[in-house]
Every structure is written in C-alpha cells, then in structure tokens.
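Quick notes on the structure that follows.
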Protein chains: 2
Amino acid sequence: MHPALKKYLEGKIILSSQQEQLVGNCFKPLVTKRNQILLQKGNTAKYIYFVVKGCLRVFLTTEDGSESTRFLIFEGRMGTAFPSFILQQPSQAAIQTLEASHLLMLSNTDRQRLYQEVPGWETMDRKGIELDYIASIERIESFITMDAKARYDSLMQQHPQMLQRLPAKIIADYLGISKETLSRLKSKR
Amino acid sequence: MHPALKKYLEGKIILSSQQEQLVGNCFKPLVTKRNQILLQKGNTAKYIYFVVKGCLRVFLTTEDGSESTRFLIFEGRMGTAFPSFILQQPSQAAIQTLEASHLLMLSNTDRQRLYQEVPGWETMDRKGIELDYIASIERIESFITMDAKARYDSLMQQHPQMLQRLPAKIIADYLGISKETLSRLKSKR
DNA sequence: GTAATTTATTGACATTTGTCAATCTTTTTA
DNA sequence: TAAAAAGATTGACAAATGTCAATAAATTAC
C-alpha cells in the first residue's frame, strides 16, 4: 500500500496485513501531467481519486464556455464527481488536474468489494462522507449568509495555501464571483 | 412501527418482524404545534427527525437578527442540524416547525444501536446520506452558476409545492436573496 | 531565453440585488 | 369577528457585483 494512503487510513481503521494488501491492490496508481482531463463531462465517473500529490479540480462548464469550480481536492484527500460516481449517471462536471499529480484510483466495483470484504470499511467511508457533507453544508451557508468579501476572507483563513497555490480565476469561480471582483477584493485589503 | 416510516423503509431495507419492532421503538413520536423550536442555537442536536406530517426548517440566525434557511424538511424525509448531530457539537443552526407536525425522533445513541443490531441499516443510511450530499452539491452549484431568477425558476420547477406551502420570505432566504427581490422576480414574468 | 500564451489588474459602465420605508394584504389570535 | 400581527408588494435609492476592454504581468512552451 502507498504510504500516503496508509497514513490517511491511520486512526480511521485497523487492517490486518491481508486486508491491507487487498486495500492496497484496489487503489491503482496514476501519474498525470498538469491540466490533464480525468473525466469528461457526459461520461460516467468510474473512480474515486485519492490525491497523493498535486491537485484536482471538479468543475462545470456552461454552453457559453464559462467554467465553475465545484470542488478542489488536495493532497491527502479523496474526491470525484460525486453525483455521477454514486448514481452512475453521466457527469455534469468534468475533472482535471491543476498540477502534475500522483493519484490512487478506486473503482466503483472495488469500492463495493471493500465494503463487503473489509469489516469497518463502510463505517469509515460513511464517516468520511458525513464530513464531506458537513463541509458542503458550510459552503452553502457561506453563500446564503456572506457576501463575496466575507467568503474570500473566510477562505483565506481556512485554506490560505489554496490562494497561493492556485490561479486567482480558479479561486474566483470557486467562490462564485468574477475574477475581476476577486482581484478588487484582494487589493481592497 | 408508524406506517409512514414503514413506507419510507420499503424498498430500502428488508426487516424481520423483530428488527421492525426494534426500529419502531427507536423512533419516538412527537407531535408539535406550528413554529415550535426543536433545537436552540448553541445546543447540541440529539435527534434526527423523520417528518410524518408537517414541515421543519433548519435555519441560521445572525447577530443583527436576520435569519437564513439552511434546509427544509417535508413529509417522508429525515433531517436535523446535521453538523451538530454528527460531530455532537453545539449547533450554529436552530430547528423549528413551520407547520403543526407529526415527527419521529431517532436519538444519536439509538442510531448507533441500529447500526450495530440491524444488518443493512448502515448501508441504507449511508446511501441516504449520499443522496443528501448530492442534493447539497447541486444546491452549491446553483449558487455558483445561477443568478437569483434562475435559482427561483429551478426551485419552482423542482419543488413547486414548496412555493405554495411556505411564506415567501422563507423561500427567499433559502434561495439566498431578500424577500423584496423574490417578490419582484415573481411578478417579472 | 524568447515568443507565445495565459493570467491579473484596472477603468468605465451596466446590471443585479439589497435596504429602507410606506402601504396593502393575509393570517393569526383573542 | 375584530384587532393585532405577520407577510407581501412597491418605489426610491444605494451598494455590490458583473461585463467588456485595454493593458500589464507572469507563466509556459518551444
């Protein structure tokens, strides 16, 4: 098993060496360049990605060519185009790497297999989904209760590394604002 | 077991009569009036609510007294102040009934008990959480990609009953807009 | 290393949305 | 049923944010 995945699982679940091997085999390594498309809009998401190194972006594209970032996934985290992956339906969103990345891919079938063959895996996974869901609830609240400036400040406080690492236009559409507005917010202290 | 709950579980899980009794006992009935507070902001959510009849509102209050609706929960659905319930931390949000309601309450400890004693319960619950999470992702997307009018039209199409049943000001803050703006959107075609 | 491309900033202006206040309507309660 | 409370609408105006265009800066690719 990849040491980064092992670290991720530490404290979340205890695996026998046999189980560890099974889990390790289910996560297939993938090394990508920057700006590589992992999932095209319209295709069905087959994998969840664990990010060992690099960064993924799940984003929407509209008819007129504009893009909106639904999620960003950094080192030590898992993610995918969740609705498509769970419902096994064509994805509204696409997935791309924002940096050269090292990934571990878990297929939907292997995911089911882990549920069945590794006691405790489903509980661990459920708890992970619960936390992701909570994060998304908090993001919804940020849209309901905060203006653009407040959302930016909040992001700056919670994920300062995001701002340094990613182009501002990605941050802007993650926040749901135009890149010009973000640029002005930054200078406006 | 309450017939509404039985109907909810139908097709999701198969229970022995003994298990059915256990589940039925875990969900405690509660009859409320309109505008009754089920959870105060600052308290920790102890229950998930299944709505047999009526409607719940999970909402945020700010210092200046304004309110924002985080979630609305109608008949045949379950919900609570999710972050507080899962993390067992003081809730940012409060819960109130918007109508006289019939509820079934599941405590956190009984929830754990069902996980342990009813095979398949956790799987069913996980799938429910996945769907709720998907719904919240779609709501995030609505904030990133749509303006107020588009969000209103979308809600009107997906949940027309909500608009008829609830005061417009509740709808407005669910959409993240002022009640005046909503009022204008409605007349504007 | 330089050209090409992408990204960021800034200004001018348009549009959307919010706020406040007044009034009208509906619903609730006594 | 009448009074009171809550909710909805509308106008006037302010504030926030978007759009378009020009330019500057940074990054990427050859």
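A, B, ... follow the sequence lines: proteins, then strands. Residue 1 opens every chain. We use all heavy atoms of the structure for the numbers below, so side chains are in, but hydrogens, waters and symmetry mates are not.
- Using a 4.0 Å heavy-atom criterion, one finds that A:Leu182 contacts no nucleic acid atom at all.
- When each of A:Arg34, A:Gln36, A:Arg57 is checked for a side chain to side chain donor-acceptor pair (under 3.5 Å) with A:Gln96, only A:Arg57 meets the rule.
- Because its NZ or CZ atom is both nearer than 6.0 Å to the ring centre of A:Phe71 and within 45° of the ring axis, A:Arg139 counts as a cation-pi partner of that residue.
- Straight-line distance from the NZ atom of A:Lys149 to the C1' atom of D:dA15: 15 Å, rounded to whole Å.
- Rounded to whole angstrom, the span from the CD atom of A:Glu99 across to the P atom of D:dT28 amounts to 10 Å.
- Going from atom CG of A:Leu166 over to atom P of D:dT27 covers 13 Å, rounded to whole Å.
- The distance from atom CG of A:Asp173 to atom P of D:dG18 is 11 Å, rounded to the nearest whole Å.
- Not one side-chain nitrogen or oxygen of B:Lys179 sits closer than 4.0 Å to the OP1 or OP2 atom of D:dA8.
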Candidate pair A:Ser154 and A:Met146, rule side-chain contact (heavy atoms from CB on, under 4.5 Å), full reasoning:
CA-CA 9 Å; A:Ser154 171; A:Met146 300 179 185; 4.3 Å; yes

Next on the checklist: If you apply the rule side chain to side chain donor-acceptor pair (under 3.5 Å), what do you find for A:Ser68 with A:Asp173, and how did you get there?
Outcome noted: CA-CA 5 Å; A:Ser68 310; A:Asp173 69 53; 5.6 Å; no

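- When each of B:Lys7, B:Lys53, B:Arg165 is tested with B:Glu75 by the rule salt bridge (charged side-chain N to carboxylate O under 4.0 Å, His left out), just one qualifies, namely B:Arg165.
- Taking atom NZ on A:Lys169 and atom C1' on D:dT27, their separation rounds to 13 Å, with Å as the unit.
- Computed from coordinates, the A:Phe143 CZ to D:dT17 P distance equals 12 Å when rounded to whole Å.
- Classified by interplanar angle (parallel below 30°, tilted 30° to 60°, perpendicular above 60°), the ring pair A:Tyr133/B:Phe82 is tilted.
- A salt bridge links B:Glu130 to B:Arg126: one of the charged nitrogens lies within less than 4.0 Å of a carboxylate oxygen.
- Atom-to-atom, CD1 of A:Ile177 to C1' of D:dT19 comes out at 15 Å; the value is rounded to the nearest Å.
- Nearest-nucleotide mapping onto DNA chain C: of B:Thr181 and A:Ile170, the residue sitting toward the 5' end is A:Ile170.
- Chain B approaches DNA chain C within less than 4.0 angstrom (heavy atoms of the protein), and the contacting nucleotides run 5' to 3' from C:dT17 to C:dT28.
- If A:Arg34 and A:Glu180 are placed on DNA chain D by their nearest nucleotide, the residue sitting closer to the 5' end is A:Glu180.
- A straight line from CD1 of B:Ile144 to P of D:dG18 spans 13 Å, rounded to a whole angstrom.
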